[in-house]
Amino acid sequence: MTPPDALSSRLATLAFLVASLGPSLGCSDSSAEDGSAGETVGDGDGDPTTGDGDPSGDGDGDPATGDGDGDGDPSGDGDNDGDGDGDGDGDGDGDGDGDGDPAMPSLCEDVELPPRPGAELLVSPAGPGEVELDGQTTTLRAVVSSANEGDTIVLADGTYTLAEAGPNNYTGVYITTPNITIRSESGDPSAVILDSGYLKHGGQSALVTVAAPGVVIADLTVQRSIFHLIHFWPDGDDALVHNVHLIDGGQQFIKASSGDGVIDGVEISCSSFVMTDAGRENVWGYGAQNSNTRCYTGGIDTHDSTNWHIHDSYFEGIYCDTETPHPAHGQQDGGMTYTGGLAEHAIHMWDSEAGSGHLIERNRIVNCARGISIGFVSEVHGSRILNNTVYSEHAGSGEHDVGISVERAIDTLVAHNTVYFSHPEAYGSGIEYRWGNTANLTLHGNLTNRMIRARDGANAELVDNLGEADDAGAWFVAPAEGDLHLSDCAGPGQAAAHAEVSVDIDGDPRQDPTTRGADVCP
């Protein structure tokens with residue numbers, strides 16, 4: 001087991017990552033201008049009539065329910081039965097910035113940005129909504145639009161803002177040129193900030209829209225969007241989002257919804273997803289205008305996607321509260337507000353095709369409404385959920401729910417995850433699996449102080465799991481801070497080694513037998 005240190009020292013890992021990755025980084029970006037994208041509304045979906053490609057106005061292709069998640073569930077919780085079954089300060093002090101713990105060696109140094117043979121365009125911030133390139137004042141959108149395939153757009157330190165869009169206009173960063181990279185010059189994500197400022201950038205558009213393959217976004221911060229922070233559309237395959245700080249998304253921080261086709265092979269690595277108290281006041285609400293408006297934010301949310309790899313990332317504070325009024329439909333000036341509601345998961349993969357699968361590993365989730373989910377209304381094939389930790393200090397409620405949920409999972413492995421809820425009235429299940437069409441599901445070596453529960457006719461092979469571990473709080477280094485590394489190696493007990501789980505959350509090798517949960521003991 002890696003020697004435990006306090007979470008207050010996690011900031012050192014960011015310096016380590018910058019030192020190991022930063023010198024080799026190169027990037028470039030390209031995007032079509034408003035007219036060249038073949039649309040007049042300019043929201044990036046090629047739909048000139050509705051503005052978002054969806055008659056309900058939520059952009060997810062679900063015209064019937066209008067709840068913005070495409071699940072066809074009018075109750076808004078995604079499970080058709082109505083039950084839905086952190087503090088996210090994002091201030092760079094090491095407790096919400098995804099920088100890791102220096103006592104937690106990660107595999108982030110193995111992530112390499114692809115080389116780019118094209119030009120390197122050095123951009124610096126200018127006035128509001130403007131940048132400077134080669135001594136000329138322009139916009140970041142224009143720079144991205146003029147780049148060629150294989151170029152790298154390098155952002156000098158500073159804050160980059162985007163103009164608010166007028167009618168039939170789009171001011172967000174819209175990438176339609178393949179194989180470009182956008183990255184910071186310094187390699188320090190906290191030093192380069194793309195700030196939407198909760199402005200409207202046209203239709204229901206994200207701050208950054210990716211609609212071309214092979215795009216890389218690295219080493220920067222994206223924050224404060226009414227809608228998504230990064231939105232993947234058709235052809236956004238084989239992208240890499242690496243060492244990016246995502247802060248305060250009004251809707252899901254990263255969204256993939258192709259509408260027609262599949263978004264395949266996206267990698268999200270070594271990044272952080274943090275909702276601050278200020279951001280929670282601006283969370284999008286979705287539903288009827290006068291009732292049943294619900295919280296509609298979340299971490300990563302994918303539809304029509306296959307073979308995503310989400311690893312070594314940090315999620316904190318992604319939930320809605322019952323005290324702060326939120327602007328319904330993301331419009332601060334609309335006069336309608338709502339409170340409460342169950343946010344989407346930190347990581348939610350709605351579906352995948354047979355012969356494909358998602359890999360979700362070594363992520364840390366702290367005080368989010370829900371942790372990790374695959375499925376809900378569609379089958380998910382071949383996925384792996386490995387070596388993740390999920391912690392919550394909140395009571396179970398309409399705002400806080402299950403740690404890991406696996407629904408309609410085919411050929412799926414959930415192994416060596418740790419879920420710990422510290423509140424005495426926390427949600428009753430740490431891990432749930434659901435529905436009778438779940439098949440060939442294995443739960444192996446997981447550790448939680450709550451139930452591991454089958455629901456709605458689901459079956460699974462259960463091997464060496466430990467649930468309802470009432471003493472688990474005493475086994476961890478600093479559970480109140482979300483550090484679920486083990487200080488007591490004997491408590492969790494052992495599990496047989498699984499051939500697909502050769503390391504733990506830190507990349508430390510596992511022996512046979514090995515320790516239950518995400519952290520391995522010697």
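One is the number of the first residue; the rest follow in order along the sequence.
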Practice problem: Scan side-chain atoms only and decide if His311 and Glu361 contain a donor-acceptor pair under the 3.5 Å cut-off. | Solution: no

Any side-chain heavy-atom pair from [X] and [Y] closer than 4.5 angstrom?
X      : Y      : result
Glu185 : Leu122 : yes
Leu386 : Leu413 : yes
Glu407 : Ser405 : yes
Arg280 : Asp321 : yes
Ile175 : Val144 : yes
Ile374 : Thr412 : yes
Thr139 : Val131 : no
Ile193 : Gln223 : yes

Shortest non-hydrogen separation from [X] to [Y] and the atoms involved:
X      : Y      : value
Val283 : Cys295 : CG1-SG, 3.9 Å
Gly279 : Thr276 : N-OG1, 3.0 Å
Ile505 : Asn387 : CG1-O, 3.5 Å
Ser184 : Val192 : CB-CG2, 3.5 Å
Ala212 : Pro178 : CB-N, 3.8 Å
Pro114 : Leu240 : CD-CD2, 4.5 Å

Per-pair distances, 0.1 Å, donor-acceptor, side chain in residues 156-164, under 3.5 Å, sequence neighbours excluded:
unit_1	atom_1	unit_2	atom_2	d
Asp157	OD1	Ser186	OG	3.0
Tyr160	OH	Val123	O	3.1
Tyr160	OH	Ala156	N	3.1
Tyr160	OH	Ala156	O	2.7
Thr161	OG1	Gly129	N	2.8

Check whether any side-chain N or O of [X] sits under 3.5 Å from a backbone N or O of [Y] as a donor-acceptor pair, and report yes or no.
X      : Y      : answer
Trp308 : Ile360 : no
Glu316 : Val274 : no
Arg384 : Leu359 : no
Asp411 : His381 : no
Ser190 : Asp188 : no
Ser313 : Cys270 : yes
His242 : Glu267 : no
His348 : Gly375 : yes
Ser352 : Ser383 : no
Ser356 : Glu353 : yes

Salt-bridge test for [X] and [Y]: reply yes if a basic N is under 4.0 Å from a carboxylate O, no otherwise.
X      : Y      : result
Arg116 : Glu149 : no
Arg224 : Asp195 : yes
Arg362 : Asp312 : yes

Practice problem: Any chance you could lay out the side chain to side chain contact (heavy atoms under 4.5 Å, CB included) test for Asp401 and Leu342, step after step, and finish with the verdict? | Solution: CA-CA 8 Å; Asp401 206 278; Leu342 185 61; 4.0 Å; yes

Between [atom1] on residue [X] and [atom2] on residue [Y], distance to nearest 0.5 Å:
X      : Y      : atom1 : atom2 : result
Asn282 : Ile226 : CG    : CD1   : 8.0 Å
Asp248 : Ser196 : CG    : OG    : 11.0 Å
Asn363 : Ser272 : CG    : OG    : 12.0 Å
Ile347 : Ile385 : CD1   : CD1   : 8.5 Å
Phe227 : Gln252 : CZ    : CD    : 12.0 Å
Ile182 : Ile153 : CD1   : CD1   : 5.0 Å

Quiz item: Which class fits the ring pair His231 and Trp233: parallel under 30°, tilted 30 to 60°, perpendicular over 60°?
Solution: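 Tilted.
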
Practice problem: Look at the rings of Phe273 and Phe315 and say which category their plane angle falls in: under 30° parallel, 30 to 60° tilted, over 60° perpendicular. | Solution: parallel

Exercise. Determine, step by step, whether Trp284 and Tyr338 satisfy the ring-ring contact (aromatic ring centres under 6.0 Å, His included) criterion, reporting the C-alpha distance in whole Å, the side-chain angles of both residues, the deciding distance to 0.1 Å, and the verdict.
Key: CA-CA 10 Å; Trp284 177 277; Tyr338 77 102; 9.8 Å; no

Quiz item: Would the His201 and Tyr170 ring centres measure less than 6.0 Å apart?
Solution: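 Between His201 and Tyr170, the centre distance exceeds or equals 6.0 Å.
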
Practice problem: Report the C-alpha separation of Asp304 and Asp351 in whole Å, then their side-chain angles, then the decisive distance to 0.1 Å, and conclude whether the side chain to side chain contact (heavy atoms under 4.5 Å, CB included) test is met. | Solution: CA-CA 6 Å; Asp304 303 318; Asp351 44 31; 4.2 Å; yes

Practice problem: Please test Tyr319 against His400 for ring-ring contact (aromatic ring centres under 6.0 Å, His included), starting from the C-alpha separation and ending with a verdict. | Solution: CA-CA 8 Å; Tyr319 66 90; His400 295 278; 4.8 Å; yes

Quiz item: When you look at Ile217 and Ile230, which way does the side chain to side chain contact (heavy atoms under 4.5 Å, CB included) test go after all the steps?
Solution: CA-CA 10 Å; Ile217 302 171; Ile230 300 175; 4.2 Å; yes

Practice problem: Dump the intermediate steps for side chain to side chain contact (heavy atoms under 4.5 Å, CB included) on Ile365 and Tyr314, then the final yes or no. | Solution: CA-CA 6 Å; Ile365 300 171; Tyr314 182 84; over 6 Å; no

